[in-house]
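Just so we're clear, the structure is a prediction, and the values are computed from it rather than from any experiment. Within every chain, numbering begins at 1; the chains are lettered A, B, ... in the order of the sequence lines, protein sequences first and strands thereafter.
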Number of protein chains: 2
Amino acid sequence: MAKLDFSPIADTTRRAEIVALLKRAILTGQLEPGQKLNELRIAEQMRVSRAPLREAMRELVQEGILTSIPYAGTFVIDVTAKDIDDAYSLNKVLDEFAIERTWPLRDQRFFDELDRRHEAVKQATRDLNTTRQIETALQLHGLIHEWAGNSVLLETWQRLTSRLQMYFALHQRARKEPVPAEDLHETYVRLLKGADMRAAQRHASEHIDGDFEQLLAYAQGLEQRTSKGAGANRAVAARNRPDDG
Amino acid sequence: MAKLDFSPIADTTRRAEIVALLKRAILTGQLEPGQKLNELRIAEQMRVSRAPLREAMRELVQEGILTSIPYAGTFVIDVTAKDIDDAYSLNKVLDEFAIERTWPLRDQRFFDELDRRHEAVKQATRDLNTTRQIETALQLHGLIHEWAGNSVLLETWQRLTSRLQMYFALHQRARKEPVPAEDLHETYVRLLKGADMRAAQRHASEHIDGDFEQLLAYAQGLEQRTSKGAGANRAVAARNRPDDG
DNA sequence: GACAAGCAAATTGTCGACAATCTAACAAGG
DNA sequence: CCTTGTTAGATTGTCGACAATTTGCTTGTC
């Protein structure tokens, strides 16, 4: 018998599809930070009952992109400069670890996959598809975490990625300028193929730095505009913001 | 007006209480790895309907201590030697990062809290309360993550802690020997109070090493006993195991 | 006008029942 | 004997309705 690996059957529960829908809406910035999610309205729009919707929302709360206050509502997380800075700091640490673990495991398949993902980024850049560009860039970046062979690391990074994707989407949305056409990942890919692990680690940090610098500036701008909420409870403040429509 | 911080009102939803109950049952090892959670039975035992129970289970799935297979059931995660090793590796990295960030922020309140938690561990040790001993030891360990001032790091560590607590509980349960009476954390606390950050980081790694060595040995024993499931899907294998009762 | 009590609307939390799916046992056919 | 189709039972997934809680408005009082 031929050795054929079948991929798992897709989850056919409404819950799973709702999770996917909501996640996309949040990560692409269609649902804005602080926005309240009205269960009845969303359930009607999706043509499902509130039960699977609520279960889906519970998952996203635990995934860290929604917050929930009993009897008050469920809200898209707010984004502060500190949140972004925290995520960035940890990401740097995880990257170094991932590169260290991936390094001895690199093989032809790794390099091929690296090229494949790099190509996907370049394609999205050519298409001027910012959402897809963010998505593919993070997938390129995620390869070292997948390859490191540490399931806990991968899981952690994927959770972090959700937020990063949201942050970048918000940033892109705020500044309506066109996407940079240059290839920012050329050096990153080259170093990952090379022989100097330290150099790769160092570049990974710096590379992320470049992306995050803009993000931080954007977030700090946000802070100032909504500065009244400085010491207040963010979630509570969110209550007074408009509903989803 | 006196500057008084009120602690948040307790969540009065059934869901939150169910989460707490289930989590405790899993983290203390009362619910064994791979065990299936029968919704109807648990709901009846807790005198609640399945709706809040299912929502609670969704949270724990996302928290990583339950796994769910559509239309098949929700199971306590299986524990493999590799899982423990992965968690251990990442924990080491997070610890170094946490110490680095906490280091300049240490003050009297930090030292006081450190002593307080250290004392709690010693008390639990004197009481021969293994469950509480694990709990307090992890809380002592968690201080650096709380103090580091990075919310993403803290969140990540707390997720890791859930599993660590489960692993240690299983380990303690397997070997019925009495708890070691010596104080394993003396050096750790002393170094955190000292001036040599590198030394503290190094000891943290080694200190964890000691705890994990036993865990790994235990897990590897598990692997061999249930070796038939080596290549098989763990979750599927779990289906054939006995229900909760 | 300021303020407290009380009511009404909207929203979230929970419940019980039904639908969809899986598992296991059994029968039929090769 | 092995495989395939069928069926009954149990369990999970989903639904619509009801209960609990919050919020904002209204009313009455000073």
Novice: Compare the minimum distances between each of C:dT11, D:dG13, C:dC15 and the side chain of B:Arg58, then state the nucleotide with the smallest one.
Specialist: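 From the listed options, D:dG13 comes nearest.
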Novice: Distance check needed: C:dT12 C1' versus B:Glu55 CD, whole Å only.
Specialist: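 Those two atoms, CD and C1', are 10 Å apart.
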Novice: Hey, are A:Glu113 and A:Arg116 close enough for a salt bridge, meaning a charged N less than 4.0 Å from a carboxylate O?
Specialist: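 Yes, A:Glu113 and A:Arg116 are salt-bridged.
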Novice: Nearest whole angstrom, please: distance from the C1' of D:dC15 to the CE of A:Met46.
Specialist: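 About 17 Å, once rounded to whole Å.
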Novice: May I ask you to evaluate whether B:Ser49 reaches the phosphate of C:dT14, defined as a side-chain N or O under 4.0 Å from OP1 or OP2?
Specialist: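 Looking at the OP1 and OP2 atoms of C:dT14, neither is under 4.0 Å from any side-chain N or O of B:Ser49.
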Novice: Roughly how many Å is it from CZ in A:Phe75 to C1' in C:dT11, rounded to a whole number?
Specialist: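 One finds 11 Å between C1' of C:dT11 and CZ of A:Phe75, rounded.
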Novice: Judged by modelled atom types alone, do B:Asp95 and B:His145 share a side-chain donor-acceptor pair under 3.5 Å?
Specialist: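 Side chains of B:Asp95 and B:His145: pair found under 3.5 Å.
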Novice: Please figure out whether A:Tyr71 or A:Ala51 has its closest DNA chain C nucleotide nearer the 5' end.
Specialist: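 The 5'-side residue here is A:Tyr71.
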Novice: Using modelled atom types and a 3.5 Å cut-off, is there a donor and acceptor pairing between side-chain atoms of B:Arg58 and backbone atoms of A:Met57?
Specialist: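 No, because the side chain of B:Arg58 does not come within donor-acceptor range (under 3.5 Å) of the backbone of A:Met57.
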Novice: Which whole-number value in Å describes the distance from A:Arg14 CZ to D:dG16 C1'?
Specialist: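 That distance rounds to 14 Å.
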Novice: Is the closest basic N to carboxylate O distance between A:Arg132 and A:Glu135 below 4.0 Å?
Specialist: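 So A:Arg132 pairs with A:Glu135 through a salt bridge.
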Novice: As a test of reading the structure: which of D:dT11, C:dT11, C:dT14 is closest to the side chain of B:Lys36, going by heavy atoms?
Specialist: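 Closest nucleotide to the B:Lys36 side chain: D:dT11.
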Novice: Expressed as a whole number of angstroms, how long is the span from B:Leu53:CG to C:dT14:P?
Specialist: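 About 11 Å, once rounded to whole Å.
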Novice: Kindly give the heavy-atom pair with the smallest separation between B:Leu160 and B:Ala87, and that separation in Å.
Specialist: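 Closest heavy-atom pair between B:Leu160 and B:Ala87: CD2-CB, 3.6 Å.
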Novice: Rounded to whole angstrom units, what separation is found between the CD atom of B:Glu39 and the P atom of C:dA17?
Specialist: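 In whole Å, C:dA17 P and B:Glu39 CD are 17 Å from each other.
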Novice: Base, sugar-phosphate, or nothing for B:Arg54, non-hydrogen atoms under 4.0 angstrom?
Specialist: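 Counting heavy atoms under 4.0 Å across all strands, the contact made by B:Arg54 includes a base.
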Novice: If you check the B:Pro70 side chain, which of C:dG13, D:dG13, C:dT11 turns out closest?
Specialist: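 Nucleotide nearest to B:Pro70's side chain: D:dG13.
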Novice: By nearest heavy atom, map B:Arg50 and A:Gly73 onto DNA chain C; which one lands nearer the 5' end?
Specialist: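 Looking at the nearest nucleotide for each, A:Gly73 comes out on the 5' side.
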Novice: Output the rounded distance in Å from CD1 (B:Ile69) to C1' (C:dC22).
Specialist: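 Going from CD1 in B:Ile69 over to C1' in C:dC22 covers 12 Å.
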Novice: Could you tell me the separation between the CG atom of A:Leu40 and the P atom of D:dG16, rounded to a whole number of Å?
Specialist: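 Rounding to the nearest Å, CG of A:Leu40 and P of D:dG16 are 11 Å apart.
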